[in-house]
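I have placed the structure first, in the form of structure tokens, so that the comments after it can refer back to it.
Nothing here was measured: the structure is a model prediction, and the numbers come from that model.
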Amino acid sequence: MLSCAVLAALATTVSFPSVHALYSSRDQVIQITPKNFNAEVMQTEHPVIAEFYAPWCGHCKSLAPEYKKAAQKLNGLAKVVSVDCDADANKGLCGQYDVK
């Protein structure tokens with residue numbers, strides 16, 4: 001049986017991608033928060049496809065692979081961004097666009 005100290009040591013040496021509900025840092029989909037919303041969405045020269053989602057939503061889960069593909073294919077032409085409306089930090093942003 002592994003001790004807590006060994007497990008803690010393993011946890012600090014294993015690298016996991018940053019996960020934001022349906023998307024990871026490896027995806028081309030840009031994770032939007034109130035901090036980067038203006039720069040990534042409002043002040044960009046590129047067209048933006050924005051997804052407001054909840055990680056528990058079945059339709060959102062089924063569309064995530066399609067958004068990932070779109071983000072890859074549109075890289076440099078348009079931005080594909082997503083906002084996790086289930087995250088407390090994003091609730092104000094989602095509410096601003098009447099997403100509930």
Exercise for the section: Indicate if Tyr23 and Ile49 have the same hydrophobic cluster label, given that clusters are the connected sets of ILVMFWY residues with side-chain heavy-atom separations under 4.5 angstrom. Expected result: yes
Practice task
Could you tell me which residues satisfy ring-ring contact (aromatic ring centres under 6.0 Å, His included) with Phe52, sequence neighbours excluded, listed by chain and number?
Solution key: Tyr97
Exercise for the section: Work out which heavy atom in Pro34 is nearest to a heavy atom in Ala89; give both atom names and the distance. Expected result: CG-O, 3.2 Å
Handout entry: Distance, nearest 0.5 Å, that separates CD1 of Ile30 from CG of Asn36
Key = 8.0 Å
Handout entry: Shortest non-hydrogen contact between His46 and Gly76, atoms and distance
Key = CE1-O, 3.1 Å
Practice task
Heavy atoms only: give me the nearest Glu40-Ile32 pair and the separation to one decimal.
Solution key: CB-CD1, 3.5 Å
Exercise for the section: Would you check if Leu22 and Val29 make a side-chain contact, meaning some heavy-atom pair closer than 4.5 Å? Expected result: no
In residues 55-72, what donor-acceptor pairs under 3.5 Å come from side-chain atoms, sequence neighbours left out?
| unit_1 | atom_1 | unit_2 | atom_2 | d |
| --- | --- | --- | --- | --- |
| Trp56 | NE1 | Asp86 | OD1 | 3.4 |
| Ser62 | OG | Gly58 | O | 3.4 |
| Ser62 | OG | His59 | O | 2.9 |

Fill in the blank from the handout: Tested for side-chain contact (heavy atoms from CB on, under 4.5 Å) against Thr33, the lone hit among Leu93, Asn90, Val83, Asp84 is Asn90
Practice task
Flag yes if Leu77 and Val80 sit in one hydrophobic cluster, no otherwise; membership is Ile, Leu, Val, Met, Phe, Trp, Tyr, and two members link when side-chain heavy atoms are under 4.5 Å apart.
Solution key: no
Fill in the blank from the handout: Applying salt bridge (charged side-chain N to carboxylate O under 4.0 Å, His left out) to Glu51 and not counting sequence neighbours gives none
Exercise for the section: Could you tell me whether the side chain of Ser82 reaches within less than 4.5 Å of the side chain of Gln31, counting heavy atoms only? Expected result: yes
